[in-house]
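What follows is one structure encoded as structure tokens, with my remarks underneath.
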Amino acid sequence: MLMCRRWLVCSMRAHYRSFSFSASLRNVMPAWVIDRYGKNEVLRFTKNAALPIIQYPNEVTVKVHAAGLNPIDISMRGGYGAATMAMKRDPLNMKQSGSEFPLILGRDVSGEIMECGLDVNYFKPGDQVWAAIPPWKQGSLAEFVVLSANEVSHKPKSLRHVEAASIPYVAATAWSAIVNTGGLNKDNSSKKRVLVLGGSGGVGTLAIQMVKAWGVHVTVTCSQNAEQLVRDLGADDVVDYTAGPVENKLQTLQKFDLILDNIGGESEKWALDLLKPWNGAKYVTLVTPFLHNTDLLGLADGMMQSGVTIGCKVLKHLRKGVHYRWGFFAPSGPTLDEISEMVDAGKSSSR
């Protein structure tokens, strides 16, 4: 089964209320919110959070049965990415600063469709679904959440809600990095070689199972105490990064078609030398300075600085015959449809 290790999955089970949102006079719900950025003390529980309503015809209301927290939620609690998220929420900059509060965290949801917009045909009330919620939207630590239908997918039948809520965000991130950015898929991956740097975390464990199901040879770096975990998930070679310079061991192996870097930092200095040159090989890192730059320099200057940074790195490594890329989370219901099929086929699971 596809397995995923996560920080927290919490059950939001409650009695089903049989009513139409549009016809109901109820306008509040229980939720965990923050009213300012900070540490744990800014998190508070309220029974009077605004009930989300469908505003566009392609949206659905989901009753939350289980919610998941990711590292990005913890970072967002402290204000990480605030400048970029404000732009996504309000592209025309018409709202006042701080209008995102009270902010609900939680990037994963597994639950039940309660109401559908007029243009939604793929879902109906009562459907069991899961989704990865974009960071610029209100999250799942609440009784209800409203999402675009193209961000939602039918939940794997083989998983309970609490199990399902451990997968969507990391699965969508891994898929975006490997498929959208890295160019691998189930039809072109047979006998390819992939290196996952930092393979025992959420994205890494999903990535291992995903590419292994496609016939890829997978090498993973992790600590010694995680070796058995990643081997159980399908890793062919495992390198312990606590046993000395990891690059020395990796340099003795055959070169790779794709490297997925969940660590960043010093690994960029040596990882690209492990790729097959002049063969379309790609290095994809999920550790980028984009949000840090926009937080520090503002949206326009931060985006410009990020563009200069990646442009220079792309050109530098292209001269060596390899491709340098940044990977990002991308919300996608169709991606989760694919993951759901893999889960129910026994090719992936949650823990």
Side-chain angles (χ1 to χ4, degrees), residues 4-15 17 26-53 61-90 95-112 114 130-147 151-152 160-173 201-203 286-287 290-292 294-296 328-329 331 350-351:
C4 173
R5 291 174 32 163
R6 295 289 305 287
W7 284 25
L8 170 67
V9 177
C10 56
S11 174
M12 302 288 288
R13 295 188 182 278
H15 293 296
R17 292 180 175 85
R26 182 181 180 216
N27 57 12
V28 295
M29 66 176 179
W32 285 94
V33 304
I34 63 172
D35 301 302
R36 67 185 190 280
Y37 297 119
K39 297 185 178 180
N40 281 341
E41 66 271 11
V42 301
L43 192 66
R44 70 178 176 90
F45 178 75
T46 178
K47 294 183 178 180
N48 296 307
L51 188 76
I53 60 173
T61 300
V62 177
K63 180 174 178 59
V64 179
H65 288 312
L69 284 177
N70 289 265
I72 185 66
D73 289 297
I74 309 304
S75 299
M76 286 176 61
R77 181 204 61 196
Y80 176 69
T84 301
M85 300 311 155
M87 183 272 293
K88 290 291 293 183
R89 297 184 188 105
D90 182 24
K95 298 179 181 179
Q96 294 182 344
S97 176
S99 61
E100 69 269 31
F101 300 118
L103 181 63
I104 302 172
L105 302 174
R107 296 305 104 206
D108 293 290
V109 62
S110 184
E112 180 179 359
M114 295 291 290
W130 63 347
I133 303 173
W136 52 91
K137 291 190 175 183
Q138 293 284 38
S140 58
L141 298 185
E143 189 175 7
F144 302 100
V145 63
V146 169
L147 297 168
E151 297 166 346
V152 179
R160 296 177 295 119
H161 285 292
V162 171
E163 296 169 330
S166 70
I167 293 178
Y169 192 83
V170 291
T173 302
V203 174
L286 292 170
V287 184
F290 181 81
L291 293 180
H292 174 75
T294 56
D295 286 340
L296 184 65
F328 296 95
F329 161 79
S350 81
R351 169 179 286 183

field: Donor-acceptor contact present, side-chain Asp108 to main-chain Ser166, <3.5 Å
entry: no
- request: Output, in order, the C-alpha distance, side-chain angles, deciding distance and verdict of side chain to side chain contact (heavy atoms under 4.5 Å, CB included) for Tyr80 and Ile72.
  value: CA-CA 8 Å; Tyr80 176 69; Ile72 185 66; 4.0 Å; yes
task: Let me see the working for Thr61 and Val146 under side chain to side chain contact (heavy atoms under 4.5 Å, CB included), right down to the final yes or no.
output: CA-CA 4 Å; Thr61 300; Val146 169; 3.6 Å; yes
message: Suppose we screen for ring-ring contact (aromatic ring centres under 6.0 Å, His included). Which residues come up paired with Tyr37, at least two apart in sequence or across chains?
response: Phe101
- prompt: Under the ring-ring contact (aromatic ring centres under 6.0 Å, His included) test, which residues partner Phe290, sequence neighbours left out?
  reply: none
message: Could you walk me through whether Val145 and Gln138 satisfy the side chain to side chain contact (heavy atoms under 4.5 Å, CB included) test, starting with their C-alpha distance in whole Å, then the side-chain angles of each, then the deciding distance to 0.1 Å, before giving a yes or no?
response: CA-CA 7 Å; Val145 63; Gln138 293 284 38; 5.5 Å; no
- line: For residues 96-107, the salt bridge (Lys or Arg N to Asp or Glu O under 4.0 Å) pairs (sequence neighbours left out) are Asp73-Arg107
field: Sequence-distant partners of Asp90, salt bridge (Lys or Arg N to Asp or Glu O under 4.0 Å), two or more places apart
entry: none
query: Residues two or more places apart in sequence or in another chain: which of them pass side-chain hydrogen bond (donor to acceptor under 3.5 Å, both in side chains) with Thr173?
result: none
- prompt: Mind checking whether Arg44 and Asp35 have side chains closer than 4.5 Å, heavy atoms only?
  reply: yes
query: Would you find a donor on one side and an acceptor on the other, under 3.5 Å apart, between the side chain of Asp295 and the backbone of Gly81?
result: yes
message: Checking the side chain of Glu143 only, and the main-chain atoms of Lys47 only, is there a donor and an acceptor separated by less than 3.5 Å?
response: no
- request: Could you walk me through whether Leu105 and Trp32 pass the side chain to side chain contact (heavy atoms under 4.5 Å, CB included) test, one step at a time?
  value: CA-CA 8 Å; Leu105 302 174; Trp32 285 94; over 6 Å; no
- request: Would you indicate whether the side-chain heavy atoms of Pro52 and Met29 approach each other to under 4.5 Å?
  value: yes
task: State, with a plain yes or no, whether a side-chain heavy atom of Tyr169 is found less than 4.5 Å away from one of Ile133.
output: no
- prompt: What pairs with Arg89 under salt bridge (Lys or Arg N to Asp or Glu O under 4.0 Å), at least two apart in sequence or on another chain?
  reply: none
